[in-house]
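Below: one structure, written as structure tokens.
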Amino acid sequence: MKAVELAKSYNPKDFEDRIYQGWKDKGEFGPKKDASGEHFSVVMPPPNVTGILHMGHALNNSLQDIIVRYYRMTGRPTLWVPGTDHAGIATQNVVERQLKKEGLRRQDLGREKFLERTWLVKEKHHDIIKSQLEKMGCSCDWEHERFTMDEGLSRAVREAFVTLYERGLIYKGKYLVNYCPKCGTALSDDEVEYENMPGKLYHVRYPYADGSGYITVATTRPETMFGDVAVAVHPEDERYKEIVGKLLCLPLTDKKIPIIADSFVDREFGTGMVKITPAHDPNDWECGRRNNLEAVNILNPDGTLNDNCPQKYRNIQAVEARELVVKDLEDGGYIVKIEDHAHDVGHCYRCHTVIEPYLSDQWFVKMKSLAEKALAALENSDIVFYPRRWENTYSHWMETIRDWCISRQLWWGHRIPVWYCKDCGEVIVSREDPSCCPKCHGTSLEQDSDVLDTWFSSWLWPFSTLGWPEKTDDLARFFPTSTLVSAYDIIFFWISRMIMSSEEFLGQAPFRDIVITGLVRDIQGRKMSKSLGNGIDPLEVIDQFGADAMKFTLCYMAAQGQDVLIDMNSFKMGSRFANKIWNATRFLLMNLEGRNLVKVGEDEYSVMDKWIYGQLNSTCLAIRKAMEGYRFNDAAQSIYSFFWNDFCDWYIEESKQRLLHGTDDEKDRAISILMDILESSMRLMHPFLSFITEEIYQKLPNHDGDVIVASYPEYDGRRCFEDAARLVSSLQDVVRTVRSVRSNLQIAPEKKLKVVFRPSAGFAATDLIRDELVFVSSLVGASSFIVDSGSAQPVDGAFPANGLGYECFVFVRDAIDVDAEIARLEADTAKAGKSLAAVEAKLSNEAFIRNARPEAVEKERAKKAEFEEKIRKNTEHIALLSSF
RNA sequence: GGAGGAUUAGCUCAGCGGGAGAGCGCCUGCCUUACAAGCAGGAUGUCACAAGUUCAAUCCUUGUAUCCUCCA
């Protein structure tokens, strides 16, 4: 057999793109036609089509890719559906910003032209996103790619809307919505972000209508007083019991408003009296509804005061009107005082403009019955969150859910499938575009101008992408999906709603396992954001370290649900590991020269062979368990320590003896086992380091097809080789002990010394050490390594060291720092003394002997013996050293 | 106001009812014929604080402190 040449250093750019293209060309990402068993399917949380993927996407998609590749290799029919989201407001904002640079508004183009332009922007950004996902190595099935405004998904949106309407779950109503004046649209409650901001609290006198004095109310927004319809006090507030029902004069107007009682009033806040402005405050809105109060809207859609206000203030922006109103109130003697007052102000989650509560016509979904089904799904364990603690958050949201405002005053999105007949006023809600009014047969129909909230399409994602409402094969085969991986910031927006829609339309949960990842933050724990400039571009990471290094590092750091704090340097970890894999492979492939691969039977295994196979085997088990619990960091750590610490540091090192100096037969057997482990390792590591393992796998003489579709190594209970594990562990201990002596004495590596190894009677690894004498000698730099089980060898003048069940004597004649070594031994003895005292205290405690598990007691006894031996030997060694 | 999370090595973080861990960083020595992106050795911790449960607590319970997030 010929050696295989590998480039001298690991350079992911040499092969990552090529490998990805190869997988794509061969159609490896789609579900195998002949795969059997339970399906495994995942839908990718669709990124906003106008966004560039950030590290959060990298984390999320890396984890999905790991899961998907893992299950694909276990042989299950596996599907990962990619796609993008039309992101109504965000995308429309992008296009409007472009227009603004050209001095245009969307109205100048008109709806149709504007949408044409938006589609172009969408296409461009979509291509960027797709190429980013490809660069990352995501093994999603591009044949199944979807976009929320695809024809099929649009049909699903209509089906959902009309079905809900038919079930009486959709209604249009006057409602106080969160209105973003900049985006010009209503927002759902969840799309409002609150931020504590400085403001003022104005204490204003409202005189009694009968002239008998005045009361004082506190408000942060005096300009809304023209919309006041009442002043409320707490019903149990003793101070104000007498005045409930009295009328007040609204200053600056000739309006009369009553004093009412409502328990939502906070008695401690301000004067304990609040003005009620139902059209401009959510709490007041609720209060107004409870008390049958009119809602007086005082704003125009552009944020100026309207005709419900006195002439003087009309058509002035609210902020300016406030100053004017305050001045007039002051002039009229109505202001008692003005205090600084910080309070939470709602901002648009897209453009961060201050939200204005605004009374308007909107479409809503009644959420109560939907939420009940979604809650039941959790109670029945149809869905499970990883980690579990998110289940509380989910239930709480479901229990306190409010109706969902789904209309948006935008152009980019799914048009609401409602038409109004201009002739008879009939409202038509239809799956198909109607050509005439079903009631009067008039043909002048006008479609509702609003579009639906983007989440109204993405909440259907797990089944709309599989063809729903059609009864497709995909739907039958891959629904419900298996696992959803998402960050916690969209549990409410998206995850919860998917569960509701799926329960409502398909009668089952859309997925079982919900994996909630942390957020990616910078090294100081701050969110990565454009304004801070602390973002890390995944493409830059890939450029610098490779996609495998990025994925492995993220996986290694993604402890269940914890935020991931990273900087550029973090990725060195994955990069070094990949380099290690590369070089270990390079070494092994070099050694193929002139060799024949042979089958080595289990009965021919050496202890070291058994050990490495056992380590491989237990790693398989560890990974399986980690994957089942979505403990990605555990899986990554298992792989890392197996490949690097076990395979490279010990097994390959041990093999070198035979590889370099063995007979042909020994060399053949050595390389055969090495190649076998390497081949298994590539399969084992492939989900976590996909490109490098494929690149290497293709070069292995013992490979079969592509690793991406190879079978995943399975745990085999019969191949644990626990005895070998114990023996090798002892051997490693001996090596470390001698090395430590040398290192402490600063003996140069090239200086070979005689070592006498003196095992105590019970030491199990004596035979192994005899068998591995050459290996052990080379590792400890011994000129001769004498196993002295009968204590026959003189050790006078040798430097002593002890370990678990043995002593070593290193023959070193050069000047050594005896004092330092004595000090070290004394410290060690003191530490052992402490440990011994603790153990003895335990053992002399009757309660411990009585109550503790027998194994625990046994272990303590063993520890006691161990510490005693250590102290005894240390004492001897100190004496020995003192005589130097 | 409610809920959740965090507090372990210099940094970022795992972990666990019975002898404190990883990566990075640091110190020392090595270019040992795969890898200096490497190898070997080493130092560093009242596991936030206080009570309780337990034979045994870094781990479980409660409280306190500090920090973070979400919801209202």
Side-chain angles (χ1 to χ4, degrees), chain A residues 6 8-10 189-190 193-194 266 282-283 344 387 389-393 395-397 400 488-489 491-492 518-519 521-527 545 549 553 556-567 569-570 572-591 631 633-634 636-637 640-641 644-645 648-649 652-653 656 659-660 735-750 778-781 824 831-832 834-836 838-839 841-853 855-860 862-864 866-867:
Chain A
L6 222 49
K8 182 143 187 163
S9 66
Y10 164 64
D189 290 337
D190 302 301
E193 289 173 350
Y194 291 89
D266 179 355
N283 287 321
D344 292 332
R389 71 182 126 91
W390 291 107
E391 293 178 357
N392 288 332
T393 311
S395 317
H396 184 254
W397 187 77
T400 57
Y488 55 72
D489 53 350
I491 291 181
F492 303 140
L519 303 180
R521 298 170 179 278
D522 73 5
I523 209 76
Q524 294 170 43
R526 300 174 305 180
K527 270 190 184 176
F545 301 104
T553 302
Y556 193 94
M557 301 184 79
Q560 217 179 44
Q562 287 302 118
D563 286 349
V564 176
L565 275 64
I566 48 155
D567 62 9
N569 281 329
S570 309
K572 282 184 184 168
M573 202 272 300
S575 168
R576 284 180 182 166
F577 186 45
N579 184 60
K580 188 74 184 177
I581 295 170
W582 185 263
N583 277 295
T585 304
R586 181 159 167 269
F587 173 72
L588 297 183
L589 294 183
M590 261 164 40
N591 280 284
R631 305 176 62 90
N633 56 326
D634 285 357
Q637 275 184 51
Y640 188 96
S641 72
W644 198 318
N645 303 130
C648 293
D649 290 349
I652 293 181
E653 288 305 318
K656 278 180 181 172
L659 232 34
L660 300 175
V735 170
R736 288 195 188 103
T737 299
V738 181
R739 276 176 172 174
S740 180
V741 168
R742 294 185 57 119
S743 184
N744 287 337
L745 301 180
Q746 308 227 335
I747 298 162
E750 62 268 23
S778 82
L779 289 183
V780 303
R824 196 188 65 78
K831 200 176 152 196
K834 264 189 179 172
S835 304
L836 180 63
V839 169
K842 260 187 192 180
L843 285 169
S844 60
N845 180 348
E846 279 181 39
F848 172 68
I849 306 293
R850 198 168 51 243
N851 295 328
R853 295 193 318 274
E855 309 92 85
V857 178
E858 203 36 57
K859 198 172 174 193
E860 292 302 316
K863 270 156 66 178
K864 178 167 183 274
E866 207 181 285
F867 293 135

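Just so it is clear: chains get the letters A, B, ... in the order the sequence lines come, proteins before strands, and each one is counted from 1. Both backbone and side-chain heavy atoms feed into the values below; hydrogens, waters and symmetry mates do not.
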* **base_contact_polar (B/G23 base, A/Gln637 side chain, donor-acceptor, <3.5 Å)** => no

Which part of the nucleic acid does [X] contact within heavy-atom distance under 4.0 Å: base, sugar-phosphate only, or nothing?
| X | result |
| --- | --- |
| A/Ser835 | nothing |
| A/Arg850 | nothing |
| A/Glu846 | nothing |
| A/Ala559 | sugar-phosphate |
| A/Glu391 | nothing |
| A/Lys656 | base |
| A/Asp649 | sugar-phosphate |
| A/Arg736 | sugar-phosphate |
| A/Asn579 | base |

Quickly work out the [X] [atom1] to [N] [atom2] distance and round it to whole Å.
| X | N | atom1 | atom2 | value |
| --- | --- | --- | --- | --- |
| A/Arg739 | B/G41 | CZ | C1' | 9 Å |
| A/Arg586 | B/G38 | CZ | P | 15 Å |
| A/Ile491 | B/A3 | CD1 | P | 18 Å |
| A/Asn583 | B/C31 | CG | P | 19 Å |
| A/Glu855 | B/G19 | CD | P | 15 Å |
| A/Asp563 | B/C70 | CG | P | 10 Å |
| A/Lys863 | B/A56 | NZ | C1' | 10 Å |
| A/Met573 | B/G23 | CE | C1' | 7 Å |

* Between A/Lys863 and A/Glu860, is the closest basic N to carboxylate O distance under 4.0 Å? -> yes

Nearest of [options] to any side-chain atom of [X]?
| X | options | result |
| --- | --- | --- |
| A/Asn633 | B/G18, B/A14, B/G38 | B/A14 |
| A/Glu653 | B/G19, B/C71, B/A34 | B/A34 |
| A/Tyr556 | B/A22, B/G25, B/A34 | B/A22 |
| A/Met557 | B/G18, B/U12, B/G23 | B/U12 |
| A/Ile652 | B/G41, B/A34, B/U69 | B/A34 |
| A/Phe848 | B/A34, B/C55, B/C71 | B/C55 |
| A/Lys580 | B/U12, B/G38, B/A14 | B/G38 |
| A/Glu860 | B/G19, B/C70, B/A37 | B/G19 |
| A/Tyr10 | B/A37, B/C71, B/U69 | B/A37 |

What does [N] pair with, Watson-Crick or G-U, if both distances are under 3.5 Å?
| N | answer |
| --- | --- |
| B/A48 | B/U64 |
| B/A3 | B/U69 |
| B/U53 | none |
| B/C30 | B/G38 |
| B/G21 | B/C13 |

* Asked: Around A/Glu855, counting heavy atoms of other residues, nucleotides and ligands shown, do more than 12 lie under 6.0 Å from its CD?
  -> yes

So does [Y] get a backbone contact from the side chain of [X], meaning a donor-acceptor N/O pair under 3.5 Å?
| X | Y | result |
| --- | --- | --- |
| A/Arg742 | A/Gly781 | yes |
| A/Asp567 | A/Ser570 | yes |
| A/Asp563 | A/Leu519 | yes |
| A/Thr553 | A/Gly574 | yes |

Expressed as a whole number of Å, how far does the [atom1] atom of [N] sit from that of [M]?
| N | M | atom1 | answer |
| --- | --- | --- | --- |
| B/A9 | B/A20 | C1' | 10 Å |
| B/C11 | B/C49 | P | 16 Å |
| B/G52 | B/A57 | C1' | 11 Å |
| B/A48 | B/U28 | C1' | 34 Å |
| B/C39 | B/A3 | P | 50 Å |
| B/C13 | B/U69 | P | 14 Å |
| B/U54 | B/C47 | P | 23 Å |
| B/G38 | B/U58 | C1' | 35 Å |

At under 4.0 Å, does any side-chain N or O of [X] touch on OP1 or OP2 of [N]?
| X | N | value |
| --- | --- | --- |
| A/Trp644 | B/C39 | yes |
| A/Arg631 | B/G15 | yes |
| A/Lys859 | B/G17 | no |
| A/Arg576 | B/A36 | no |
| A/Thr400 | B/A72 | no |

* Examine the side chains of A/Ser395 and A/Asn392 and answer whether a donor and an acceptor come within less than 3.5 Å of each other. => no

* Given that A/Lys8 and A/Lys842 both sit by RNA chain B, which one's nearest nucleotide is further toward the 5' end? -> A/Lys842

* Structure fact -> Taking for A/Met590 and for A/Val735 the nucleotide of RNA chain B with the nearest heavy atom, the one nearer the 5' end belongs to A/Met590

* Hey, are the side chains of A/Glu653 and A/Lys656 touching, using non-hydrogen atoms and a 4.5 Å cut-off? -> yes

* Asked: Among A/Asn583, A/Leu588, A/Ile581, which residue meets the side-chain contact (heavy atoms from CB on, under 4.5 Å) test with A/Thr585?
  -> A/Ile581

* To do: If the plane angle is over 60° it's perpendicular, under 30° parallel, otherwise tilted; pick one for A/Tyr640 and A/Phe577.
  => tilted

